[in-house]
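Working notes, structure below.
Keep in mind that this is a model prediction, so the values were computed, not measured.
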Number of protein chains: 2
Amino acid sequence: MSSRRDIAAGAGAKGLPAPRHATIRDVSRLANVSRMTVSRALNDPETVRPDTRARVLQAVADLGYVPDRAAGSLASRRSGFIGLVLPTLTNVNFASVAHGLTSALRAKGFQVLIAYSEYRQSEAEAQIRNLLSHRPEAIIVTGEVYSPAARSLLLRADVPVIEIADDPARAIQHAIGVSNHAVGRFVARHLIEKGFTRLGAISSMPQGDLVDHRGGARCNGFEDELRAHGLPTDMIMRTGAAPFSYELGASAISQLLDSHPEVEAVFCVSDLPAVGALMECQRRGISVPRDLSLIGFGDFDIGRVTNPALTTVQVDFLELGRRTGQLVLELLGGADETARMVELGFNLVERGSVGVPRSGPLGS
Amino acid sequence: MSSRRDIAAGAGAKGLPAPRHATIRDVSRLANVSRMTVSRALNDPETVRPDTRARVLQAVADLGYVPDRAAGSLASRRSGFIGLVLPTLTNVNFASVAHGLTSALRAKGFQVLIAYSEYRQSEAEAQIRNLLSHRPEAIIVTGEVYSPAARSLLLRADVPVIEIADDPARAIQHAIGVSNHAVGRFVARHLIEKGFTRLGAISSMPQGDLVDHRGGARCNGFEDELRAHGLPTDMIMRTGAAPFSYELGASAISQLLDSHPEVEAVFCVSDLPAVGALMECQRRGISVPRDLSLIGFGDFDIGRVTNPALTTVQVDFLELGRRTGQLVLELLGGADETARMVELGFNLVERGSVGVPRSGPLGS
DNA sequence: TTGTACGCGTTATCAT
DNA sequence: ATGATAACGCGTACAA
């Protein structure tokens, strides 16, 4: 009956470890019941008599008892964790995914463990390993997992894996999101239908470990569609490292304008570089959309207030997060394990940055 | 020797639970050492002979063993978790805090547990309780914790508590951030020095549970400074519920302009409503800054591309996160427990949305 | 309705 | 340098 804790409490003045958290045992003693009754009163209130339950709850309140989930997980073999690997947190679309996912899951008592890779494959792998050490009940990764080590890690872990925000060529298990390649093709088709023929794009470029797969896929889709129409693809600029920012957008469009002044319309694989490109055009006295059309991706707020406002492709990332959460719930609820593939789709948001084809090259 | 695992594996066809994770015991058997040696090889490599270590590591790799941190936490009494409670994730400044904090901590093996309240006190309390169940080694909350229940929860938890992003009147323990009240006063003083006398502000309003303390504090500081200068404060609009968005900014400025057309300069307690206000002005044909000056807070990207670009007050939230991480490390590293109070300061970013006082009322 | 015994996977402690 | 054993705090299974 005389635990270390008791000793420490008795010898408090000696600077021994401070009294720690109340345990379920402390509560049980105070309420004059067994530990199991406390556990039940908390986790399955119906099964304990109202007055005992009240006593227990009172003791819980008095002691400020908060159950230890690590211990609970160990015993129940359910961690209550859901792992989420994002490229970055400081991108409102990915933050929305996290938000949507969390809101779908927290009511069910799950805790989302958020990790991010800063667009580094090696870091993604490290994060996945770290996540796995917390024994998540499901793990959600953004886009395809390219590193073989990471893939096998996931495979062996024997937890549901959901890949989001892209359409993986070789899905590990489940996938929910949007085809970035299809987005790129759609944008190309859209511009072609508008009559443009001198089409360009700006995208980041894989730099060793650092790669934006989704942006790259959009760029590739764009390129493929140009090819399919027999259009030249030499105005597709891949430059700079992810994340693709304002500054990179500005410098990419600079390079493009310098080398290909004839370009009429440019697909920026994200609104962020699109805004940077727009600013650069203003600096150069190039009028958008009269002289040059620009189209982005992501429907970031910032694109709504530029002048002109940015035409862009929108994907409902909040909903993506929510749907992912629902899928997790299904999967953990004992649904069959057949691979789910959900395509969420996207919308064109036409604003002011796309005009009509010029007759000649820039400056004519 | 015949555990449930063995049985399940043998009877796999019967649909029994799938084979689970490899345990330290599995590794120890494969490497022909005790569990403790495995543990040491992983956590304290120096203390095991190179050849044994190699055998262990090989077994770890072969089995794809990933340690179970819940079990480790239980035994070591260190969770490795750091709790973070934010108002929201989908605000780049708060996301930056999370980012900075994470980057400072993850190298040391800590996992940041991110929770957000959506500006609801009751939710913040629930989140704190939930966080506490994971036995974080430190807990970081945004701004003051106002609910007494939440405060006592934190106090009893006996973990370092750091309040960030404001200067709490009654700090629980440590605090690091910026005085929002001082920001408000500074902005008022700045505008007064520019010669403005008809000053207004727009801010959200506490709606029951829903409250933006930091925005409110900025608004109060602004009001206090006006008072100190004997200026009228009836053009300070508190309206709408947090989070204070574009739409709210637009409607708030509408109300202000309708009721007080004489207003010359308006402090928007965040750039987001400031941008909304700016858009509304454009709709109404009110020229900013000629007819009306606007100043925001937060230095959001969006304020850089509006026309005019937004004058604002900037706080380095990424650095705030990093510093908080360093403080956590100190505190956990056995530094003395004296309360730390760190004021990070702020900068005025002068762009185009603040002009000079008009001679008469709007429209004259 | 309530209680007992055991095990979850790991680390700490002490022994060898 | 390595091993045996006992916690860590809780839930499951079963007994009363």
Side-chain angles (χ1 to χ4, degrees), chain A residues 1-8 17 19-29 31-56 60 63 65-80 109 132-135 137, chain B residues 1-8 17 19-29 31-56 60 63 65-80 109 132-135 137:
Chain A
M1 195 95 328
S2 148
S3 72
R4 269 222 315 272
R5 183 180 351 282
D6 298 329
I7 297 168
R20 303 201 160 276
H21 299 272
T23 71
I24 202 171
R25 159 150 258 136
D26 299 325
V27 176
S28 75
R29 281 200 276 250
N32 262 310
V33 293
S34 73
R35 290 178 308 166
M36 261 327 291
T37 302
V38 176
S39 176
R40 276 192 279 255
L42 261 19
N43 302 327
D44 207 354
E46 325 300 313
T47 68
V48 3
R49 239 178 31 214
D51 57 325
T52 359
R53 189 197 315 156
R55 268 206 334 278
V56 171
V60 166
L63 294 171
Y65 169 70
V66 178
D68 184 328
R69 298 208 57 165
S73 303
L74 203 55
S76 68
R77 309 180 70 51
R78 297 200 48 188
S79 68
L132 252 19
S133 75
H134 292 290
R135 298 294 185 266
E137 298 186 38
Chain B
M1 198 92 327
S2 150
S3 70
R4 269 223 314 273
R5 182 180 356 281
D6 299 328
I7 297 170
R20 305 200 160 274
H21 299 271
T23 70
I24 203 172
R25 157 149 260 138
D26 299 326
V27 177
S28 75
R29 282 200 276 249
N32 262 310
V33 293
S34 72
R35 289 175 301 168
M36 261 326 291
T37 302
V38 176
S39 177
R40 276 192 277 255
L42 260 21
N43 303 327
D44 206 356
E46 324 302 312
T47 68
V48 359
R49 237 175 37 213
D51 58 325
T52 359
R53 191 196 315 157
R55 272 208 329 280
V56 171
V60 165
L63 294 172
Y65 168 71
V66 178
D68 184 326
R69 298 208 55 168
S73 303
L74 201 56
S76 68
R77 311 181 69 52
R78 297 202 47 188
S79 67
L132 252 18
S133 75
H134 292 290
R135 299 293 184 263
E137 298 186 37

- request: Could you tell me, to 10°, how much the axis swings from one end of the helix from dT1(C)-dA16(D) to dT16(C)-dA1(D) to the other, five pairs per end?
  value: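 One end axis against the other gives 30°.
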task: Name the closest nucleotide to the Arg49(A) side chain, picking from dT2(C), dA1(D), dG9(D).
output: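 Closest of the options to the side chain of Arg49(A): dT2(C).
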Side chain of Arg77(B) (C-beta onward), nearest among dG9(C), dG9(D), dT2(D):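 The closest nucleotide is dG9(D).
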- request: Name all residues meeting the side-chain hydrogen bond (donor to acceptor under 3.5 Å, both in side chains) criterion together with Ser73(B); count only those two or more places apart in sequence or in a different chain, and write none if there are none.
  value: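 Checked Ser73(B) against side-chain hydrogen bond (donor to acceptor under 3.5 Å, both in side chains); zero matches.
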field: Thr47(A): partners by side-chain hydrogen bond (donor to acceptor under 3.5 Å, both in side chains), with sequence neighbours left out
entry: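 Checked Thr47(A) against side-chain hydrogen bond (donor to acceptor under 3.5 Å, both in side chains); zero matches.
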Given atom [atom1] of [X] and atom [atom2] of [N], what is their separation to the nearest angstrom?
| X | N | atom1 | atom2 | value |
| --- | --- | --- | --- | --- |
| Arg78(A) | dT12(D) | CZ | P | 10 Å |
| Glu46(A) | dT1(C) | CD | C1' | 14 Å |
| Asp44(A) | dT1(C) | CG | C1' | 12 Å |
| Arg135(B) | dT10(C) | CZ | C1' | 17 Å |
| Ile24(A) | dG3(C) | CD1 | P | 12 Å |
| Met36(A) | dG3(C) | CE | P | 10 Å |
| Asp26(B) | dG9(C) | CG | P | 9 Å |
| Arg25(A) | dT4(C) | CZ | P | 10 Å |

Please identify each residue that fulfils side chain to side chain contact (heavy atoms under 4.5 Å, CB included) with [X], with sequence neighbours left out.
| X | answer |
| --- | --- |
| Ala75(A) | none |
| Ser34(B) | Met36(B), Thr37(B) |
| Arg69(A) | Asn130(B), Ser133(B), His134(B) |

OP1 or OP2 of [N] under 4.0 Å from side-chain N/O of [X]:
| X | N | result |
| --- | --- | --- |
| Ser76(A) | dG11(D) | no |
| Thr23(A) | dG9(D) | no |
| Ser39(B) | dT11(C) | yes |
| Ser34(B) | dT2(D) | no |

message: For a quick test of reading the model, state the closest non-hydrogen atom pair linking Asn32(A) to Arg55(A) and the distance between them.
response: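 Answer, listing the atom of Asn32(A) first, then Arg55(A): O-NH2, 3.7 Å.
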- prompt: Using a cut-off of 4.0 Å on non-hydrogen atoms, how would the nucleic acid contact of Ser73(B) be classed: base, sugar-phosphate, or nothing?
  reply: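 Answer is nothing: Ser73(B) stays at 4.0 Å or more from every strand.
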field: First encountered from the 5' end of DNA chain D, between Ala71(B) and Thr47(B)
entry: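 Taking each residue's closest nucleotide, the earlier one in sequence belongs to Thr47(B).
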Using a cutoff of under 3.5 Å, can you pull out all pairs of nitrogen or oxygen atoms linking the protein to nucleotides 14-16 of chain D, with atom names and distances?
none

query: Would you say the side-chain atoms of Ser39(A) pair up with the backbone N or O of Arg35(A), donor to acceptor, closer than 3.5 Å?
result: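 No, the answer is negative, given that no donor and acceptor are paired below the 3.5 Å cut-off.
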- prompt: Counting N and O atoms only, with roles assigned by atom type, does the side chain of Arg77(B) sit under 3.5 Å from a partner on the main chain of Leu74(B), one being a donor and the other an acceptor?
  reply: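 Checking the backbone N and O of Leu74(B) against the side chain of Arg77(B), no donor-acceptor pair under 3.5 Å is found.
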query: Per the atom types in the model, does the base of dT10(C) pair as donor or acceptor with the side chain of Arg35(B) at under 3.5 Å?
result: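 Checked by distance alone, the answer is yes.
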message: Tell me which pairs pass salt bridge (Lys or Arg N to Asp or Glu O under 4.0 Å) where either residue lies in residues 45-54 of chain A, with sequence neighbours left out.
response: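 The answer is Arg49(A)-Asp51(A).
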message: Are Asp68(A) and Thr23(A) packed together at the side-chain level, in the sense that at least one heavy-atom pair is separated by less than 4.5 angstrom?
response: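 SC-SC contact between Asp68(A) and Thr23(A) ruled out.
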